[in-house]
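Below, chains carry the letters A, B, ... as their sequence lines are ordered, and counting in each starts from 1. Hydrogens, waters and symmetry mates are skipped; everything else that's a heavy atom, side chains included, is used.
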There are 2 protein chains.
Amino acid sequence: MNTYSLSRKKRDKQLRRADILSASVHVFAQKGYEKATMQDIARKAQYATGTVYLYFKDKESLYFSLLEEKISKLISTTKEKTAGVKDVREKIKILIYESLAFFGSNQDFFQIFISETSKFRWVIDRKIAPSALMSEHMNYLAGIIREAQREKVIRSNFKAEHIADIFAAILSTVIVGLLKEKPGCFENLKNISGFIFDIFMNGVKA
Amino acid sequence: MNTYSLSRKKRDKQLRRADILSASVHVFAQKGYEKATMQDIARKAQYATGTVYLYFKDKESLYFSLLEEKISKLISTTKEKTAGVKDVREKIKILIYESLAFFGSNQDFFQIFISETSKFRWVIDRKIAPSALMSEHMNYLAGIIREAQREKVIRSNFKAEHIADIFAAILSTVIVGLLKEKPGCFENLKNISGFIFDIFMNGVKA
DNA sequence: TCAAAATATGAATACATATTCATTAAGTAG
DNA sequence: CTACTTAATGAATATGTATTCATATTTTGA
């Protein structure tokens, strides 16, 4: 056995792992963490139940691997796309657009994502905290808000973290609305992100 | 046994039922629906496990009774308080204030409430839908927004339902923030509701 | 005080499902 | 082809917990 086939093996292993992971996204999104069974996930990924345990320690670690993968992706995508942008308003617009695009092509994951958002008090007796990445994401948002505050684009009489929370809430709410109405309707991202930016910046007054 | 004691019995029964219900709020809030056990709830209410089943058919119906009770209360309170008010802006301010006050004195329930909010896709294989009351509440909000739109207080280029969703999201977000920082800090409701009204109406721009 | 009715009890049952592991199959190298 | 290594299988195990029910306790009305 040479080094080449060794690394191919590893790659294969990663692929199968990824298979299981993406099957699990669908199952967790559909049923929620508790009601999703390891058999559901195995079946969906076309493996036997036990096989899943060759790739993941247990159900919880599978779940958190999934969270980690997706949230990292969200963070890295939005960071990249906003990286070179000078104008903060533009930055925020891009942030909105990219988040919509991300969740548009990860609709199952979105369900999981918002369910995590509401668990601020249930972190009790969980082995692993999801908080690490979740709060990295929130920190990133708060950073942009802070920047906007420095440049007098956003009012400075409230903490950036709070504004960031509100920003995220509006974004999620709009996405829920889109998913409820036409699940396939993530077209017009330009329009939709314009709408979100407008409401966020100017409020709803006539 | 006369009719008097019959009705007292009924009243007693209601009281014990209410006992169990309010114990369950705490347990469900702490652990979430799935991880909360009937024994937890029974212990908290100082009854034996079986006793709970004398008052509620099963876990799910206990849970939904709780939702029903609390949400009805929220709806009726806010409806009453805004009933005679002419000025829509004032109405919205009162709505915010009363919602804060309600969740301030029902903090455990708030956790349950927002967790329900994020379950829009998991209604699958639930015996009872919580939706009825939840959507009554949202309809009520949408009604007020619609009124504000008619009176040119809120812009009319978006559906009242969507604006209502955003309204609710901002409100919830602020409450989460309050609970995270100082759990006992539901003072200054006037200030806080002013803040929410301001952000909601005027956005975050400088 | 007493028997009948209403309540409460918590151990026993039923069931679901996460996790393990002895067995089977597939792949690899010599 | 054969021995060996790695991966996959799914039935068996372990555990947790919702729900039931025979039994015990309390309340009621006479």
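In this structure, B/Lys59 satisfies the cation-pi test against B/Tyr33, with its NZ or CZ atom closer than 6.0 Å to the six-membered ring centre and inside 45 degrees of the ring normal.
Using a 4.0 Å cut-off between charged side-chain N and carboxylate O, A/Asp165 and B/Lys180 make no salt bridge.
In this structure, A/Tyr47 does not reach the D/dA7 phosphate: none of its side-chain N or O atoms is under 4.0 Å from OP1 or OP2. At the phosphate of D/dA8, OP1 or OP2 sits under 4.0 Å from a side-chain N or O atom of A/Arg16.
Smallest separation of non-hydrogen atoms from A/Met38 and A/Asp58: CE-C, 4.2 Å. Scanning both residues, A/Gln149 and A/Ala160, for their nearest heavy atoms gives OE1-CB, 3.6 Å. Residues B/Ser115 and B/Tyr63 come closest through the heavy atom pair OG-OH, 4.3 Å.
Residues that satisfy the side-chain contact (heavy atoms from CB on, under 4.5 Å) test with A/Glu147, not counting sequence neighbours, are A/Val88, A/Lys91, A/Arg150, A/Glu151.
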Report all interatomic pairs (protein N or O, nucleotide N or O of nucleotides 11-18 of chain C) with separations under 3.5 Å.
from: C/dA18; atom 1: OP1; to: A/Lys59; atom 2: NZ; distance (Å): 3.3
from: C/dA18; atom 1: OP2; to: A/Met38; atom 2: N; distance (Å): 2.5

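Atom-to-atom, NZ of B/Lys13 to P of C/dA5 comes out at 16 Å; the value is rounded to the nearest Å. Rounded to an integer number of Å, the gap from OH of B/Tyr63 to C1' of D/dA18 is 17 Å. Look at CG on A/Asp19: it is 16 Å from P on D/dA7, rounded to the nearest Å. Atoms CG (A/Leu54) and P (C/dA25) sit 17 Å apart, rounded to a whole Å.
Backbone-only contact: A/Tyr55 has heavy atoms under 4.0 Å from sugar-phosphate atoms and none from a base.
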